[in-house]
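Quick note: residue numbers are just sequence positions, from 1. For ligands, and for the atoms within them, numbers begin at 1 and follow the listed sequence.
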Amino acid sequence: MIKFLDLYKINDRFRDAFQAAFSKSLDDAHFILGTNVTTFENEFADYCGTTYCVGTANGLDALMLILKGYIQLGKLKKGDKVIVPANTFIATILSVLHAELVPVLVEPNPDTYNIAVDTDKELFREAKAIIMVHLYGQLADVEVFHKIAQDFNLLLIEDAAQAHGATSNLNNRKAGNLSDAAAFSFYPTKNLGALGDGGGVTTNDSELVDVIKLLRNYGSKEKYTNKMIGFNSRLDDLQAAFLSLKLKTLDSDNDQRRKIAKAYLTGIKNSKLKLPFYDGTKNHVFYAFVIEVDDRSNFIEFLNKHQIQWLIHYPIPPHQQEALKDFSHIKLPLTEKIHKRIISLPMSPVMTEQDIQTVIDVLNTY
Ligand SMILES: Cc1ncc(COP(=O)(O)O)c(C=O)c1O
């Protein structure tokens, strides 16, 4: 069986260090917003090249707290329109709804799957913010969106939940430092994944940081003094310790993911499979290697028969989910088509050469 993502093997590399961190945490007995959180926040900000990182409970909250933070600062107000990709994980859109803002769903570029740039300019005129999702680990069209954000006076936000370490070809800046504020998820399957939930906001905006630090902690800086209607969304201290340990191998893990992707892209020669666009640079960290196929159910049967695990990122587009029935009347043909055709191949930095070759050989016989 070739695993889709071997979480056991990924984390087993850190077993001794994790156990030492756990033991130290037990000894220190400072479980909430302890030194591990501050240390990781500093390390991750340094890694991304931003001045600040604020740990949160998960990636959805990181996005939501950015939006709520801008509302507190008067830069957004209830009912403002926020441009989001239609082709994304539902969390991007939920964050906008939870902040009582209005998501405007935009179709993707069919080659990169990221939000298309050639969108009706009227949408930008009406909106107040854009959330770019670096989907599957590939940077969105950052330069174009910078220009759009400038021209239309929009806040630019990254959903970098799938793109830890993705680096722009133009200015060598990393995901997290390509917008006004960025949200990360440290969900266990992510390129930088904790052993539970986790998230974070990176930004160079000190005002936003101050507000998010309050919002994540009951609106409180001083214990039992509440300045605003906050949440409980703190990055867990033990998870922060684990993340600091795993951050050390993020770059080499991403290199390994790109190596696997390059092997798939050169090795898989099958006209029935559409392989993903990749320009060969560090602007992609291959959170997922997503291909397209006409008859997906047949292909799934084939993969199952050959014991190759797969996933679909994602089987139902957000606007067709029961939860978002208010959006179900919107026609998004590209997004709908992509969701019917895509499937993700095994991609984990601990795959062996033999696993990679087996996937290639098997797919060439489909
Ligand atoms: C694109 C995207 N945004 C947001 C999130 C939300 O992150 P979390 O699951 O940590 O809340 C995810 C997580 O899967 C994601 O893939």
Report the member of T189, D159, T88 with the shortest heavy-atom distance to atom 3 (N) of ligand 1.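 Looking at heavy atoms only, D159 sits closest to atom 3 (N) of ligand 1.
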Closest to atom 7 (O) of ligand 1 (judged by heavy-atom distance), picking from A161, P188, S185: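 The residue whose heavy atom sits nearest atom 7 (O) of ligand 1 is S185.
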Within 6.0 angstrom of K9 NZ, more than 12 heavy atoms from elsewhere: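 For K9, atom NZ is crowded (more than 12 foreign heavy atoms under 6.0 Å).
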Quick check: are there more than 12 heavy atoms from other residues, nucleotides or ligands sitting under 6.0 Å from CD1 of I229?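 No, CD1 of I229 has 12 or fewer neighbouring heavy atoms, counting only those of other groups under 6.0 Å.
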Does K259 come within less than 4.0 Å of E353, counting only side-chain N to carboxylate O?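 Looking at K259 and E353, the cut-off is met.
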Do the charged groups of D253 and R13 touch, with an N to O distance under 4.0 Å?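 Result for this pair is yes, salt bridge flagged.
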Within residues 138-150 or reaching into it, pairs that qualify as side-chain hydrogen bond (donor to acceptor under 3.5 Å, both in side chains) - sequence neighbours excluded: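 Sorted pair list: K147-D151.
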Considering only heavy atoms of [X], which atoms of ligand 1 have at least one such atom less than 4.0 Å away?
{"X": "N58", "answer": "10 (O), 11 (O)"}
{"X": "L60", "answer": "6 (C), 7 (O), 8 (P), 11 (O)"}
{"X": "Y314", "answer": "16 (O)"}
{"X": "A91", "answer": "4 (C), 5 (C), 6 (C)"}

So which protein heavy atom does [atom] come closest to, and at what separation?
{"atom": "atom 12 (C) of ligand 1", "result": "F89 CD2, 3.5 Å"}
{"atom": "atom 13 (C) of ligand 1", "result": "K190 NZ, 3.1 Å"}
{"atom": "atom 16 (O) of ligand 1", "result": "Q162 NE2, 2.9 Å"}

Taking the cut-offs as 6.0 angstrom to the six-membered ring centre and 45 degrees off its axis, would you call K262 and Y278 a cation-pi pair?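 Ring-cation test returns no.
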Do K272's NZ or CZ and the ring of Y366 fall within the cation-pi criteria of under 6.0 Å and 45°?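 Flagged: K272 positioned over aromatic ring of Y366.
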Check whether any N or O atom of G59, backbone or side chain, sits under 3.5 Å from an N or O atom of ligand 1, and answer yes or no.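 Yes: some nitrogen or oxygen of G59 is under 3.5 Å from one in ligand 1.
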Could you pull out all donor-acceptor pairs under 3.5 Å where a side-chain atom in residues 83-100 meets a protein atom, sequence neighbours excluded?
| residue | atom | partner | partner atom | Å |
| --- | --- | --- | --- | --- |
| N87 | ND2 | Y113 | O | 3.1 |
| T88 | OG1 | T92 | OG1 | 2.7 |
| T92 | OG1 | F89 | O | 3.2 |
| T92 | OG1 | D159 | OD2 | 2.9 |
| S95 | OG | T92 | O | 2.7 |

Can a non-hydrogen atom of D197 be found less than 4.0 Å from any atom of ligand 1?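 No; D197 lies far enough from ligand 1 that no heavy-atom distance drops under 4.0 Å.
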